[in-house]
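Reviewing the structure listed below.
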Amino acid sequence: MSEETAASATPWIRIHEAGTRIGQSVEIRGWVTHRRSSGKIQFLVVRDGSGEMQCVAGVRDLSAGQWEASQALTQESAVVLRGTLKADARQVGGVELGIQSLEVISLAPEYPITPKEHGVDYLMDHRHLWLRSPRQQAILRIRAEIISAFRDFMNGEGFVLVDAPIFTPSACEGTTTLFETQYFDDKAYLTQSGQLYMEAAAMAFGRVYCLGPAFRAEKSKTRRHLIEFWMMEPEWAFATLPDVIALEERLLVATVARVLERRGEDLKVIERDTTRLARVQGPFPRIHYDDAVKMLHAAGIPFEYGNDFGAPDETELSNRYDTPIFVTHYPAAIKAFYMEPDPANPQLSLSCDCLAPEGYGEIVGGGQRMSSLDLLTQRIDQHGLPQSAFEWYKDLRRYGSVPHAGFGIGVERTLAWIAGLDHVRESIAFPRMLYRLTP
RNA sequence: UCCUCGGUAGCUCAAUGGUAGAGCAUCCGGCUGUUAACCGGAGGGUUGUAAGUUCGAAUCUUACCCGAGGAGCCA
């Protein structure tokens, strides 16, 4: 039998399905993560992106050339292995490959990331390689699950995906710092939020959402901040503040449930305490800003009414509950210009932030949008923004203006909370942070 | 931008004014069931940069560079 025939007869499988193929001859294509040798027998731990499996070869199992090649294997060398799968209770996954043939695709030189410990700076400098570690893969798989859950949930609620532009002519909110870039002979800015565009789309489709990157040139340097982060922003015509809070609640419950259901193995890899996630069931507390301030005062925290909550304030509030909490009716002065005033107290706004448990802070921000053209025009002036930049946005109030509401939910912060991460830098493949643009 | 902490071998760290070390990684040798395998040996350094104090500086002083954690702001 020629080698080509043998190759075609041996199915290439992925490691995660090895357990269902005990006794079969298979081919594995992957990278060596560990090699242990005991003279005439050696153990290769190989990963292929779907899992890891120990593969074992004795000196008599391979040709002399293959045996020699196998002894020279280094961490992260790429190999194609063929052999027979056998049950072995000692192994993770209960399977082991008895190697009968080994082909070295590429021999790696000394690999920078060893199985030992490394510092954050070093790992971030090698982020392109760090992604190969089991923990990082688990986190990014959970990220992918969260994004799928977001999309499936919104689609199920009848929302239409409408993507927002990345290049924008001016600030969406005018408050935070923008990244400026050249747009032929003009200046353009990287988007901070797709919301204003979603408001336009909501007046077309009724219910819409976008999911994409946002860029904030803020010199923020904390575990909760990225310069480039991903956000989903639903916008819902004819909806009010309570409607959109209920929507957020259903979204979060559905997302956590789905991660628990489908990414249990990954949660185990990162050693997440899932009992806390299992308690994330609706309804979540709704706390009026006035009451939140009273709670802080009762806890002996000096806080001036009218201010926004700082990170320690948010932690104080959210630590009282197992679930995320909604804080509503923030003072209009500390919220964006487009927030609808509270009819019961015009100093307050129909706004809502959702604070994650365990001190993860704000993961969702949203509220009801202003529907009056006159008031909107006034607020744009009050915020020192140019009316001309918002003429198209004001058209939405000229032609069939309706109450509408929406929110933005941060993918990385939601993931950091669900996965129990210490820092959002692990929540995206290639984080963009203050002082870090590479790799 | 501000506050705090840090930078010593490829990596993680030790050495607190007196010859710069260990573990891992790498290379060589040994071992047929290892699990961050183990055992023996070897190579590996302008102590972030620059200046200063001192007989003598990784160690003390100053400036700068780089990073980490936090604040503000926000998802």
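Because the structure is a prediction, the values reported are computed rather than measured. Atoms considered below: every heavy atom in the structure, side chains included; atoms not considered: hydrogens, waters and symmetry mates.
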Does A:Arg35 make a side-chain N or O approach to OP1 or OP2 of B:rU26 shorter than 4.0 Å?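 The answer is no; no side-chain N or O of A:Arg35 sits under 4.0 Å from OP1 or OP2.
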Do the side-chain N or O atoms of A:His423 get closer than 4.0 angstrom to the phosphate oxygens (OP1, OP2) of B:rG69? yes
[X] near the nucleic acid: base, sugar-phosphate alone, or nothing, with a heavy-atom cut-off under 4.0 Å?
X        : answer
A:Val45  : nothing
A:Gly410 : sugar-phosphate
A:Gln75  : nothing
A:Glu96  : base
A:Tyr111 : nothing
A:Ser37  : base
A:Gly365 : sugar-phosphate
A:Asp308 : sugar-phosphate
A:Phe43  : base
A:Leu226 : base
A:Ala214 : nothing
A:Gly119 : sugar-phosphate

Name the closest nucleotide to the [X] side chain, picking from [options].
X        : options                : value
A:Arg36  : B:rG10, B:rU34, B:rC73 : B:rU34
A:Lys221 : B:rG33, B:rA36, B:rA71 : B:rA71
A:Glu218 : B:rU32, B:rC73, B:rG72 : B:rC73
A:Lys219 : B:rC74, B:rG72, B:rG33 : B:rG72
A:Glu362 : B:rG72, B:rU32, B:rA75 : B:rA75
A:Arg413 : B:rC74, B:rG67, B:rA71 : B:rC74
A:Ile363 : B:rG33, B:rU32, B:rA75 : B:rA75
A:Gln54  : B:rG33, B:rA71, B:rG67 : B:rG33
A:Arg436 : B:rA68, B:rG33, B:rC74 : B:rA68

Whether the side chain of [X] and the base of [N] hold a donor-acceptor pair under 3.5 Å is what I'd like checked.
X        : N      : value
A:Asp121 : B:rG7  : no
A:Ser220 : B:rC74 : no
A:Arg90  : B:rU34 : no

Write down the distance between [atom1] ([X]) and [atom2] ([N]), rounded to a whole number of angstrom.
X        : N      : atom1 : atom2 : result
A:Arg224 : B:rG72 : CZ    : C1'   : 10 Å
A:Glu412 : B:rC74 : CD    : P     : 18 Å
A:Glu314 : B:rA75 : CD    : P     : 10 Å
A:Leu129 : B:rC11 : CG    : C1'   : 14 Å
A:Asp313 : B:rG72 : CG    : P     : 8 Å
A:Arg60  : B:rU32 : CZ    : C1'   : 8 Å
A:Leu434 : B:rC66 : CG    : C1'   : 13 Å
A:Gln71  : B:rC27 : CD    : P     : 12 Å

Does A:Glu96 use its side chain to pair, donor to acceptor, with the backbone of A:Lys86 at less than 3.5 Å? no
Indicate whether the side chain of A:Ser70 and that of A:Gln42 have a donor and an acceptor atom separated by less than 3.5 Å.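 Side chains of A:Ser70 and A:Gln42: pair found under 3.5 Å.
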Can you find a side-chain donor-acceptor pair between A:Asp290 and A:Tyr305 that sits under 3.5 Å?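 Yes, because at least one side-chain N or O of A:Asp290 sits under 3.5 Å from a partner of the opposite role on A:Tyr305.
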Check ion pair A:Arg143-A:Glu412 (N to O, under 4.0 angstrom):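 A salt bridge is present here (some side-chain N lies under 4.0 Å from a carboxylate O).
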Should A:Arg413 and A:Glu362 count as an ion pair when the cut-off is N to O under 4.0 Å?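 No, A:Arg413 and A:Glu362 are not salt-bridged.
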Is the gap between the ring centers of [X] and [Y] under 6.0 Å?
X        : Y        : answer
A:Tyr209 : A:Phe159 : no
A:Tyr189 : A:Phe215 : no
A:Tyr197 : A:Trp392 : yes

Can you work out whether A:Val364 or A:Ile41 has the more 5'-proximal nearest nucleotide on RNA chain B? A:Ile41
[N]: pairing nucleotide in any strand, Watson-Crick or G-U under 3.5 angstrom:
N      : result
B:rA50 : B:rU62
B:rU4  : B:rA68
B:rC73 : none
B:rU16 : none
B:rG40 : B:rC28

Using a 4.5 Å cut-off on heavy atoms from C-beta on, say whether the side chain of A:Met53 contacts that of A:Gln91.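 Side chain of A:Gln91 against side chain of A:Met53, heavy atoms only: no contact under 4.5 Å found.
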Report yes if the ring of A:His118 lies under 5.5 Å from the six-membered base ring of B:rC11 with planes under 30°, and no otherwise.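 Stacking between A:His118 and B:rC11: absent.
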Does the ring of A:Phe229 lie flat against the base of B:rA75, closer than 5.5 Å centre to centre with planes under 30°? yes
Distance, C1' atom - from B:rU53 to B:rA14, rounded to whole angstrom: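 About 26 Å, rounded to a whole number of Å.
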